[in-house]
Every structure is written in structure tokens, then in C-alpha cells.
Amino acid sequence: MNKIQKLSRFFKYVFWVIFFAWPICLAFIWFADQQHGLFAELGFTIKTFIPNNSLPILVPLSLATKWQGFLLSLIPVGIGMLILYFFTRLFSCYERGEVFAMNSIRYIKKIGIWMFVDAAINPIYQIGMSIILTIHNPHGYREAALGFGSDYFRNLIIAGLVFLVAYIMQEALKLHEEQSLTV
Amino acid sequence: MIIVNLDVMLAKRKVRSKELAEVVGITEQNLSILKTGKAKAIRISTIDAICNYLDCQPGDILEYRKDE
């Protein structure tokens, strides 16, 4: 087995592991006891894992609130899992030797598109999460927070570039196929 | 769609594919691509060389049929 195949197989399995572990970790983050056990030992709270960690969470989160937060978190995590799935398919193509093939390029395009979607819906996710986490705070401490930092634009640009590169590769492959079938 | 009748002309002239490919200056693989209708494009110079060697017209090799 050559280097590309070995590397592709390795990363394919890595992505599958992350794919299954991610939602489990998410559930653990939301529903684990934050006062005791591993969470407390590591000094983590839910705020450690949300984009806007300066939100004032002044009352302990009820189970209903945790469920709301968990379900809302499933949106970006779901998109992330979809991107990981496309990566597993992409590396499967590489494992079969389909590096410069239409199949693999299509997966790169899909990854770019969903990276863009993930970045684009981030503001909605931020607003929703800030409302869920602060709605039970006393009056004057409830927030609907939204931020457009450099991270937001950077992620949008990177996603756009991934899509653009994939598009160019696709057009180049079409040209190559046409030329190779020109007698 | 364009139908390639090169096989018919090769049979009429009793010329082998390998021989035609060598004379025209293309690989046997490319000639096979042409014969099986998988070619996306054909150069004028290739048609010229084929017709010259097989002493035929382009219409003897390429035929247009309407898609049904």
C-alpha cells in the first residue's frame, strides 16, 4: 500500500472517530454535573465551550435550558459532522487512488459549501445561545448577543476559497478530459 | 449525434487499425477512442490524414443522426 493510501486510510478513521465522538462529547458538556467529577477537576463550565464566553450565566441552568442549549448546539455540530462525513468520503476516494477525479473534487466543493453555511449561520447560533443561557437571569442581565469578529470573516473567506479551489479543479479536470479525448 | 463509421471504411480498404494509427500519427488507443465514438473532438489534421490514407471523404467516416 503506498503512502497516499496509508495516510488516507488513517485520516478516514480519525474523522470517523471524531464524527461519532463529537455529539457524545456535546451531550456530556451539556448534561454532565459541572460541580463535581471531571468537569470540576478540569475547571470547565459550559461557557468554556460556547463562542461568547463572557455571557453572564447567573442562575444554574435547568434541565429544560440544558436541552434547549444542547439542541441549538446540534445545528453547528450537525454541520460539522456533515463536513467530517464528506472528509471521510474524500479520503476514501484518495485511498482508492481517485485523487484528481470528479468524485473527490465534488466532495471538496461540498466541504467548502457547508463550511460557508456554518460560518454564515454562526451569528444566528450566537444570538440563540445567548438568549437561552441568559433568559432566566434577573432583569437587566438578559442578553441577545451578536458579534462579527475577525474570526467570522476569516471563516467565510476560507470557506469561499475552498469552494473556489474545488471549482477551478473541476473545470481544469473537464478541460483535461476533453483534451485527452481529442483525437 | 455523430456516428463514426471508421470500422466500415477500414474493412472496405482492408487496412488494419494499427497501420492507420501509425500513418496518421496517433496512438492505437486514440484511434480506438475515435472508432468507439468516445472522442469529444477530432482535429482537422487527423480527419485529413485519415481521408488521405483511406482515399475517402469525411462524410464516409462521420455521419450525423438526429437524437431520438
Side-chain angles (χ1 to χ4, degrees), chain A residues 1-9 12 82-83 85-117 159-183, chain B:
Chain A
M1 198 186 284
N2 65 36
K3 278 185 193 169
I4 293 175
Q5 284 174 317
K6 278 186 194 165
L7 204 60
S8 303
R9 180 174 285 191
K12 183 179 73 172
L82 186 61
I83 292 172
Y85 172 73
F86 289 140
F87 268 114
T88 63
R89 298 284 87 211
L90 176 65
F91 279 87
S92 285
C93 288
Y94 292 162
E95 198 184 345
R96 290 193 300 270
E98 296 171 15
V99 178
F100 300 109
M102 210 47 90
N103 257 348
S104 44
I105 293 168
R106 268 194 216 112
Y107 284 123
I108 298 173
K109 269 179 96 175
K110 285 178 183 178
I111 288 166
I113 289 169
W114 283 100
M115 280 175 68
F116 191 86
V117 169
L161 286 172
V162 168
F163 181 83
L164 183 64
V165 166
Y167 175 77
I168 289 172
M169 282 175 72
Q170 189 175 42
E171 293 304 307
L173 189 63
K174 279 184 198 168
L175 271 174
H176 172 76
E177 278 179 359
E178 208 168 284
Q179 279 179 6
S180 68
L181 292 174
T182 294
V183 177
Chain B
M1 63 187 285
I2 298 289
I3 308 292
V4 179
N5 296 319
L6 188 57
D7 271 339
V8 173
M9 197 47 59
L10 283 171
K12 276 186 182 173
R13 298 288 187 260
K14 295 184 177 58
V15 172
R16 287 191 178 169
S17 298
K18 187 178 175 182
E19 183 187 336
L20 181 65
E22 276 172 17
V23 167
V24 169
I26 60 176
T27 61
E28 275 187 77
Q29 190 187 16
N30 273 0
L31 192 66
S32 172
I33 286 170
L34 181 60
K35 276 166 45 178
T36 54
K38 289 179 186 165
K40 293 273 185 197
I42 181 165
R43 297 185 183 90
I44 297 286
S45 55
T46 304
I47 286 272
D48 181 52
I50 291 173
C51 291
N52 183 39
Y53 192 71
L54 297 179
D55 189 26
C56 64
Q57 292 294 317
D60 296 328
I61 300 169
L62 303 174
E63 177 193 341
Y64 172 72
R65 262 186 227 158
K66 215 161 196 162
D67 293 330
E68 286 167 13

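Keep in mind that this is a model prediction, so the values were computed, not measured. So you know, we letter chains A, B, ... as the sequences are listed, proteins then strands, and number each from 1.
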*Nearest 0.5 Å, what's the CG-CG distance between B/Asp60 and B/Leu54?*
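One gets 9.5 Å once the value is rounded to the nearest 0.5 Å.
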
*asked:* Contact between A/Lys3 and A/Lys6 at the side-chain level, heavy atoms closer than 4.5 Å - yes or no?
replied: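 Heavy-atom side-chain distance check fails, nothing below 4.5 Å.
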
*For the atom pair CZ (A/Phe91) and OG (A/Ser104), what is the distance rounded to the nearest 0.5 Å?*
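The OG atom of A/Ser104 is 11.0 Å from CZ of A/Phe91, to the nearest 0.5 Å.
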
*A/Ile4 to A/Tyr94 - nearest heavy-atom pair and separation*: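 Heavy atoms of A/Ile4 and A/Tyr94 come nearest at CG2-O, 3.9 Å.
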
_A/Thr88 (side chain) donor-acceptor with A/Lys12 (main chain) under 3.5 angstrom_ =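 Not a single qualifying donor-acceptor pair exists.
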
_Taking the basic N atoms (NZ, or NE/NH1/NH2) and the acidic carboxylate oxygens, is any pair closer than 4.0 Å for A/Glu178 and B/Lys40?_
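Here A/Glu178 does not pair with B/Lys40 in a salt bridge, since their nearest N and O are not under 4.0 Å apart.
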
_Members of residues 2-33 of chain B whose heavy atoms come closer than 4.5 Å to chain A_ =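 B/Ile26, B/Asn30, B/Ile33, listed by number.
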
